[in-house]
Structure formats: C-alpha cells, structure tokens
K.L.:
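Handing you this structure, nothing more for now.
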Amino acid sequence: MTDLRLIAKTISDRRHELGLDQSDMRMKIGMSQQQYQRIEAGNDLRVSSLLRVLDGLGLQLLLVPDEVLKENINEQRLDQLPDGVFKNGHSDGSDWEEAMRELED
C-alpha cells in the first residue's frame, strides 16, 4: 500500500464498519477530531499516529516484501497470505487491484 488515499479509505471504511463516527474516534484514541479528519482526508501523517488509529480500529499494519505479494497474486495463492492482507472494506477487491497495478508500473 503506497498511496495515502488508499490507507485513508481503508481507515474510513473500517470506522464505518464499526459504526463509529469521527467524533467517536476522538474518544477512542485520544486524538483531536480535526487531526483524525486530516488522516481520513489522506494527509501525510506520522507512523505513531497511524499505529494509534489502527489500534483503535482493530487493524494491524503488515509489511510484505513486494516479491512475496506479487508472487502470491500472480499465482492466485491469496489464501496463503496472512489474514487481513486484503481487508479494505470492499468485497470486490477493486481498490486492491488498482494498488497492485500501481506497484507494477
């Protein structure tokens, strides 16, 4: 995931899945609502802020070497990747496919 917009969309989708609004996140993670809004807008953020948001949403950051990811995608061995790698709030996977196309370019 190399695009802040995709990260922001994943965060927003997860918050909606949990039935939370942005003001709930202020209470849950101790971050101002304005700061949280900037994250969902795709603004640049510190890793420590990202980790705090992910923890509050029950998400994990997973770093996977490009070659492992591409190999699994190319061989359609998605079931062998760790749980959560493809969770982006959408069942059709279109956001993920777009991100993979960007990696290949």
Side-chain angles (χ1 to χ4, degrees):
M1 205 180 280
T2 58
D3 187 334
L4 286 176
R5 292 170 299 165
L6 184 55
I7 293 171
K9 181 161 181 19
T10 301
I11 288 170
S12 176
D13 289 347
R14 176 64 174 170
R15 179 178 56 78
H16 284 97
E17 286 174 10
L18 296 174
L20 301 171
D21 58 32
Q22 290 182 342
S23 64
D24 295 326
M25 293 305 294
R26 175 180 54 87
M27 302 283 287
K28 192 169 180 69
I29 62 175
M31 181 181 288
S32 75
Q33 186 173 348
Q34 291 81 9
Q35 184 180 4
Y36 184 79
Q37 285 172 334
R38 286 191 296 270
I39 291 170
E40 281 197 11
N43 292 340
D44 205 357
L45 69 154
R46 295 186 334 223
V47 173
S48 59
S49 297
L50 175 62
L51 293 174
R52 199 158 94 193
V53 169
L54 295 178
D55 186 50
L57 294 171
L59 295 171
Q60 296 294 319
L61 179 64
L62 179 64
L63 302 175
V64 179
D66 286 342
E67 61 273 11
V68 171
L69 187 60
K70 287 178 182 180
E71 177 183 319
N72 283 285
I73 295 271
N74 291 338
E75 295 182 16
Q76 297 180 351
R77 296 185 337 199
L78 305 181
D79 58 323
Q80 295 181 16
L81 289 173
D83 289 341
V85 171
F86 285 90
K87 292 198 183 241
N88 65 358
H90 296 284
S91 59
D92 65 3
S94 60
D95 289 339
W96 197 234
E97 290 169 5
E98 180 182 331
M100 289 309 301
R101 281 192 297 275
E102 289 177 11
L103 279 176
E104 292 173 355
D105 291 339

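The chain is numbered in sequence order, starting from 1.
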K.L.:
When rounded to the nearest 0.5 angstrom, what distance separates CD1 in I29 from CG in L51?
P.N.:
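Separation between the atoms: 11.5 Å.
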K.L.:
Can any side-chain N or O of D24 pair as donor or acceptor with the backbone N or O of D21 at less than 3.5 Å?
P.N.:
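Side chain of D24 to backbone of D21: a pair is present.
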K.L.:
Got a second to check how far Q34's CD is from R26's CZ, nearest 0.5 Å?
P.N.:
9.0 Å
K.L.:
Honestly curious: do V68 and L62 fall in one hydrophobic cluster under the side-chain, below-4.5 Å linking rule?
P.N.:
yes
K.L.:
In Å, rounded to the nearest 0.5 Å, how long is the span from CE of M25 to CG of L57?
P.N.:
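It is 4.0 Å, given to the nearest 0.5 Å.
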K.L.:
What distance separates T10 OG1 from L6 CG, expressed to the nearest 0.5 Å?
P.N.:
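One gets 4.5 Å once the value is rounded to the nearest 0.5 Å.
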K.L.:
Please name the pair of heavy atoms, one in G56 and one in K28, separated by the smallest distance, quoted to 0.1 Å.
P.N.:
O-CE, 2.5 Å
K.L.:
Treating R15 as the side-chain partner and L20 as the backbone partner, does any N or O pair qualify as donor plus acceptor under 3.5 Å?
P.N.:
yes
K.L.:
Over all heavy atoms of both residues, which pair between M31 and I39 is shortest? Give the atoms and the distance, please.
P.N.:
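Closest pair (atom of M31, atom of I39, distance): SD-CD1, 3.7 Å.
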K.L.:
What's the spacing between Q35 CD and Q22 CD if we round to 0.5 Å?
P.N.:
12.0 Å
K.L.:
As an exercise, state the distance from CG of L18 to CG of D13, rounded to the nearest 0.5 Å.
P.N.:
11.0 Å
K.L.:
Would one find more than 12 heavy atoms of other residues, nucleotides or ligands at under 6.0 Å from atom CD of Q60?
P.N.:
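No, because the 6.0 Å sphere around CD of Q60 holds 12 heavy atoms or fewer from other groups.
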K.L.:
Test L4 against every option in L45, L50, N43 by the side chain to side chain contact (heavy atoms under 4.5 Å, CB included) rule and name the one that passes.
P.N.:
L45
K.L.:
So does A8 get a backbone contact from the side chain of S12, meaning a donor-acceptor N/O pair under 3.5 Å?
P.N.:
no
